[in-house]
Amino acid sequence: MSFVFPPTPTVSVPVLGQPERFPVHRIYCVGRNYEEHAKEMGFTGREPPFFFLKPTDSLVVVEAGQTGQMPYPSLTQNLHHEIELVVAIGQGGRNIKAADAAKHIYGYAVGLDMTRRDLQNEMKKQGRPWCIGKAFDHSAPIGPITPMAQAGDVNNAEISLQVNGADRQRSNVAKLIWNVAETIEHLSAAWELQPGDLIYTGTPEGVAAVVAGDTLVGQVAGLGSLQVTVK
Ligand code: MN
């Protein structure tokens, strides 16, 4: 087969402890999935989970022990951090029940759902899609994937983010409104999950702005840390 120009290379994420990389298929994100974050966004109560996507080439892939570089994006005056647990799907499927979700998971990573909050808020106000606020270039930093067997009890892990050494976000994955298994159930009812899919599971409270020169360090206990500098 030949192409009219070279096809885009497959985006991949390193896997801790092995040379093979995780090839990325799609990036799903869950909106407002921690109660305290829903409140700071002006919402209360448990609503059905809702999803948006980012393009695979919006990933900023940070190799183990490295610091990622994220350029400050265009068009915004209010770039927000959202620290998130990311689920890496190893086995696809449709209509997966929460009780069976674990066998579809390859592993977990620490990710940032970077958000042009001013543009997202404007789109919300106008009832328009969030793409320009969420799915821009370099909007999805991610660290290495820890295979599930080595990840410990991710569902009860502390999740936190520091900016320039100061705490911004601190919570526990146990506070997810829709936990990982329930999220997979809902997501796989709407789309057929494929090996290589990533799911950004939502952010806890404390989202705020960063500026050029800031260094972000995010952790999920048992998964190591993700360090990114905005330039
Ligand atoms: Mn998010």
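Heavy atoms only: backbone and side chains are in, while hydrogens, waters and symmetry mates are out. Start at 1 and go down the list; that is how both ligands and their atoms are numbered.
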Value for CZ (Phe136) from OG1 (Thr76), rounded to nearest 0.5 Å, stands at 7.5 Å
Paired with His80, the side-chain contact (heavy atoms from CB on, under 4.5 Å) test is passed by just one of Val207, Asp118, Leu112, Thr203, namely Val207
dist Ile132:CD1 -> Arg116:CZ (nearest 0.5 Å) comes out at 5.5 Å
Solution key, residues 223-231 side-chain donor-acceptor pairs under 3.5 Å, sequence neighbours excluded:
from: Gln227; atom 1: NE2; to: Thr67; atom 2: OG1; distance (Å): 3.3
from: Thr229; atom 1: OG1; to: Thr215; atom 2: OG1; distance (Å): 3.3

Exercise. Verify the neighbour count for atom CD of Gln77: are there more than 12 heavy atoms of other residues, nucleotides or ligands below 6.0 Å?
Key: no
ring-ring contact (aromatic ring centres under 6.0 Å, His included) test vs Tyr28 passes for just one of Phe51, Trp191, Phe50, Phe52, namely Trp191
Protein N/O/S atoms closer than 2.8 Å to the Mn ion (ligand 1), ordered by chain and number, come to Glu82 OE1, Glu84 OE2, Asp113 OD2
